[in-house]
K.L.:
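Next up is a structure, given as structure tokens.
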Amino acid sequence: MKTSSFALAAGLLAAGGAQAQLLDGATAPRTLSSTPAPSQPFGKVQPVPRTYMGNAAEPVAMRNPDKSEFGVYVADPKLFGGINLSPNVALETGYANLYTRGYHFADYARPDEVNGALGTKGFNSYLAARVNVPVNDSFSAYGKVGVAYSERVAHDKTLRATASDSDVGAYAGMGARYKLTEKASVSAQYEQFGNSAKKWGSETNNSGLSAKFKMGF
């Protein structure tokens, strides 16, 4: 009888221990990482450079102007700068001489050449939202919409100001660039600075279509 009671007690103790192990395993907390890995979409996000600026009219040769005792080769500036709001959207502003002569020789003997006076002085400027469209590694495009402010000041032969006028209107710009090789590319753009081209005709040449071929060495 005592042997049977001892065996029964031993069996109950063994069963109780097994049940306790099962309960302990079921309620044991899982170890969690203190810094969980980011989800896949956010893991690929890269920081965006906040600001940018440049001179869209600058040819390679302008970086080292060919100077002489008679004059210097220069290019009328076409400046731009902006703030990136996202990888493909920016807020941009720009400035250009009302009449841009491109890369040309400025004769020291002519003050109007060196100082940039062309009978009529002035500028086109804009503030716009810019959207970049990178199609692939070789081709990219962009579009810009905003407001333009243009100003014209007429001068006589003595370079004295005789009259002034201004224009405020819609600004629109679009362009594309194709990369031919690592050092060569071709680009085209269209810009419209309000009604300045219609009002002032040949005294401004920034509105319209232009193209450029660039090659580095």
Side-chain angles (χ1 to χ4, degrees), residues 41 44-66 72-106 116 118 122-150 167-198 200-217:
K44 293 183 178 180
V45 174
Q46 298 294 329
V48 178
R50 297 299 297 173
T51 61
Y52 62 92
M53 62 183 63
N55 181 5
E58 180 182 8
V60 175
M62 185 184 171
R63 297 174 186 172
N64 296 293
D66 183 12
V72 60
Y73 283 96
V74 295
D76 293 325
K78 192 170 186 179
L79 308 177
F80 64 90
I83 301 175
N84 288 308
L85 306 179
S86 73
N88 295 323
V89 179
L91 185 64
E92 185 177 288
T93 184
Y95 170 93
N97 288 344
L98 191 64
Y99 190 89
T100 300
R101 290 172 291 178
Y103 193 60
H104 64 282
F105 185 78
L118 298 170
F123 63 87
N124 290 125
S125 63
Y126 68 89
L127 177 65
R130 173 174 177 144
V131 178
N132 297 316
V133 185
V135 180
N136 52 44
D137 292 340
S138 299
F139 183 76
S140 61
Y142 68 86
K144 296 185 285 186
V145 176
V147 60
Y149 174 78
S150 303
D167 176 76
V168 179
Y171 170 81
M174 62 185 69
R177 176 177 178 270
Y178 185 76
K179 187 177 180 181
L180 302 173
T181 67
E182 289 297 326
K183 296 183 178 181
S185 64
V186 59
S187 60
Q189 67 173 6
Y190 174 84
E191 285 185 293
Q192 183 70 39
F193 292 87
N195 293 316
S196 60
K198 183 177 180 180
W200 301 328
S202 60
E203 293 181 344
T204 179
N205 64 349
N206 284 316
S207 292
L209 182 66
S210 61
K212 181 170 62 175
F213 174 75
K214 183 176 181 180
M215 176 175 288
F217 297 95

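Since we're looking at a predicted model, the values are computed, not measured.
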K.L.:
Could you tell me whether the side chain of N206 and the main chain of N97 form a donor-acceptor pair under 3.5 Å?
P.N.:
yes

K.L.:
Work out which heavy atom in F193 is nearest to a heavy atom in S150; give both atom names and the distance.
P.N.:
CB-OG, 4.1 Å

K.L.:
According to side chain to side chain contact (heavy atoms under 4.5 Å, CB included), who are the partners of D137, at least two apart in sequence or on a separate chain?
P.N.:
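Here no residue qualifies.
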
K.L.:
Could you state the interatomic distance from CH2 (W200) to OG (S207), rounded to the nearest 0.5 Å?
P.N.:
10.0 Å

K.L.:
Kindly compute the distance separating OG1 (T93) from CE (M53), expressed to the nearest 0.5 Å.
P.N.:
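Here the interatomic distance stands at 11.0 Å.
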
K.L.:
To the nearest 0.5 Å, how far apart are CZ in R130 and CG in L85?
P.N.:
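So the gap between those two atoms works out to 12.5 Å.
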
K.L.:
Answer yes or no: are there more than 12 heavy-atom neighbours, outside Y178 itself, under 6.0 Å from its atom OH?
P.N.:
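It does not: Y178 OH has 12 such atoms or fewer within range.
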
K.L.:
Anything under 30° is parallel, anything over 60° is perpendicular, the rest tilted; go ahead and classify Y171 against Y126.
P.N.:
parallel

K.L.:
Looking at side-chain heavy atoms only, is the closest gap between V186 and R177 below 4.5 Å?
P.N.:
no

K.L.:
Closest heavy-atom contact between N55 and F80?
P.N.:
N-CE2, 3.7 Å

K.L.:
Run the side chain to side chain donor-acceptor pair (under 3.5 Å) test against N195 and tell me which residues pass, sequence neighbours left out.
P.N.:
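N195 satisfies side chain to side chain donor-acceptor pair (under 3.5 Å) with no other residue.
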
K.L.:
Rounded to the nearest 0.5 Å, how far does CD of Q189 lie from CE of M174?
P.N.:
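Interatomic distance, M174 CE to Q189 CD, rounded to 0.5 Å: 11.0 Å.
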
K.L.:
Would you name the heavy atoms of K212 and A56 that are closest together and state the gap between them?
P.N.:
NZ-O, 2.9 Å

K.L.:
Nearest 0.5 Å, what's the OH-CG distance between Y149 and N124?
P.N.:
11.0 Å

K.L.:
When rounded to the nearest 0.5 angstrom, what is the spacing between CD1 in I83 and CD in E92?
P.N.:
11.0 Å

K.L.:
Quick one: closest heavy-atom pair of N84 and A90, and the distance?
P.N.:
OD1-CB, 3.7 Å

